[in-house]
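Shown next, in structure tokens, is the structure this report addresses.
The structure presented is a predicted model; accordingly, all values stated were derived computationally and were not measured. Per chain, numbering begins at 1; letters A, B, ... match sequence-line order.
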Protein chains: 2
Amino acid sequence: MSQVRDAAEPEAEAELGELLVALRGKGGRVTTARRALLGAMLERGGHCSAEELAEAVSVAHPGVRLSTVYRNLEELERLGVVVHAHLGHGAASYHLASRAHGHLVCEHCGVEIETPDELFASLAQAAAQRWGFRVNPWHSAVSGTCADCLASDRAREIRP
Amino acid sequence: MSQVRDAAEPEAEAELGELLVALRGKGGRVTTARRALLGAMLERGGHCSAEELAEAVSVAHPGVRLSTVYRNLEELERLGVVVHAHLGHGAASYHLASRAHGHLVCEHCGVEIETPDELFASLAQAAAQRWGFRVNPWHSAVSGTCADCLASDRAREIRP
DNA sequence: GTAAGTGCAAATGATTTGCAGATGT
DNA sequence: ACATCTGCAAATCATTTGCACTTAC
């Protein structure tokens with residue numbers, strides 16, 4: 001067994017390698033902070049805020065600033081490696097681009113449901129036909145009320 | 001001609017009356033700030049940020065604070081009179097509940113397209129069937145790329 | 001060596017909150 | 001009169017920016 005590094009699983013280690021190659025290939029530099037950030041994203045598999053990622057990175061690399069995480073996420077997004085989504089009211093949620101997906105988010109309890117892109121197919125087609133608009137299914141979650149909240153009293157507060 | 005008040009158009013004046021009656025009926029108090037706020041919303045017909053509304057209100061009623069506008073918008077929303085939507089990255093957009101509608105927003109240039117609710121019909125039906133989730137078409141805009149940006153270079157920066 | 005990346009602190013923008021005084025019913 | 005609203009100032013939360021120093025290449 002080789003020395004334990006940032007990513008423990010061999011699969012993730014391989015994918016991390018690919019991402020770093022892609023990063024370098026586009027002119028980006030491979031730094032400690034970036035390696036750790038991508039490692040953390042691979043480990044957690046998405047749905048992380050910048051703050052959560054900064055914390056995860058800090059475990060092995062204390063002193064990595066939140067601002068650095070934001071700058072790196074921005075850069076990785078520009079390179080097409082990372083994607084961010086706006087779910088409820090809080091902070092943005094970051095994902096690896098290869099694992100991007102849509103969301104339904106309950107306005108009342110905040111529960112998040114991951115959706116296949118097919119859910120948006122007919123909306124995307126209609127938007128393209130009527131306005132020439134290409135829908136991005138994962139950038140903004142679709143709001144609404146989840147089954148639990150519909151069943152409970154909460155739903156009645158909003159629409160009788 | 002009667003004295004000029006907050007709302008000049010007779011139609012809006014009538015609708016304002018209805019809204020104030022509804023407000024009082026639910027136990028809310030009719031204050032200067034609220035009358036002016038609803039008047040401003042009627043005049044502008046939606047797509048206003050809290051700050052824009054505060055400015056509009058300030059014309060006739062200087063000294064109305066932004067925090068008061070936020071508190072009143074929150075209360076009016078609780079009463080079902082007003083609704084807010086998250087369009088791009090900026091401030092929330094407030095609308096009268098009676099005029100709520102969905103939006104497509106371009107990630108690149110920020111242009112906003114108002115959509116009929118039918119656009120969401122098939123998505124809403126699928127979400128209801130698979131997850132028992134009731135979609136709210138107007139609370140979050142659907143992200144994507146508008147026709148102009150698709151035609152220009154900008155689109156190529158994002159997805160080749 | 002040089003441009004790109006980072007730490008740090010401070011600014012930003014949107015929204016919220018605490019509290020004492022003013023106002024609607 | 002009494003609870004509700006409001007003014008005001010300050011706090012909060014997510015994110016961004018300026019600048020001097022460090023590091024990857």
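Atom pair Lys26(B):NZ and dC5(D):C1' shows a separation of 20 Å (rounding to whole Å applied). Rounded to a whole Å, the CG atom of Asn72(B) is 13 Å from the P atom of dT16(C). The nearest whole Å value for the distance from the CG atom in Leu79(A) to the P atom in dA4(C) is 13 Å. A straight line from CZ of Arg24(A) to P of dA4(C) spans 16 Å, rounded to a whole angstrom. For Glu74(A) and dT17(D), the CD to P distance is 8 Å, given to the nearest whole Å. Rounding to whole angstrom units, OH of residue Tyr70(A) and P of dT12(C) are separated by 18 Å. Put simply, CG on Leu66(B) is 10 Å from P on dT16(C), counting in whole angstrom units. One atom, CD of Glu75(B), and another, P of dG24(C), lie 16 Å apart when rounded to the nearest Å.
Relative ring orientation between His101(A) and His47(A) is described as tilted, the plane-to-plane angle lying within the 30° to 60° band. Below 30°, between 30° and 60°, or above 60°: for His103(A) and His95(A) the angle between ring planes is between 30° and 60°, a tilted geometry. The aromatic rings of Tyr70(B) and Tyr94(B) stand perpendicular to each other, their planes meeting at an angle above 60°, with 30° marking the opposite boundary.
With dG5(C), dG24(C), dT15(C) as the candidates, the nucleotide lying closest to the side chain of Arg34(A) is dG5(C). Distances from the side chain of Thr31(B) to the nucleotides dT6(C), dC5(D), dC8(C) place dC5(D) closest.
At most 12 heavy atoms of other shown residues, nucleotides or ligands fall within 6.0 angstrom of atom CD in Glu51(B).
Within the 4.0 angstrom heavy-atom criterion, only backbone atoms of the sugar-phosphate kind lie near Glu51(B); the bases stay farther away. Among the atoms of the strands shown, only primed sugar atoms or phosphate atoms (P, OP1, OP2) are found under 4.0 Å from some heavy atom of Ala92(A). Counting any heavy atom pair closer than 4.0 Å across all strands shown, Ala33(A) reaches sugar-phosphate atoms only and no base atom. Residue contacts shown for Gly27(A) are absent, as no nucleic acid heavy atom lies under 4.0 Å away.
The heavy-atom pair separating Val69(A) from Ala50(A) by the smallest distance is CG1-O, 3.7 Å.
Between dT25(C) and Arg29(B), no contact under 4.0 Å exists linking OP1 or OP2 to a side-chain N or O.
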Can you check nucleotides 18-21 of chain D for protein contacts, nitrogen or oxygen pairs under 3.5 Å, and list what you find?
from: dG18(D); atom 1: O6; to: Arg71(A); atom 2: NH1; distance (Å): 3.2
from: dG18(D); atom 1: O6; to: Arg71(A); atom 2: NH2; distance (Å): 3.4

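Under the side-chain hydrogen bond (donor to acceptor under 3.5 Å, both in side chains) criterion, Glu74(B) pairs with no residue, sequence neighbours left out.
With hydrogens and angles left out, the side-chain atoms of Ser140(A) and Ser140(B) include no donor and acceptor closer than 3.5 Å.
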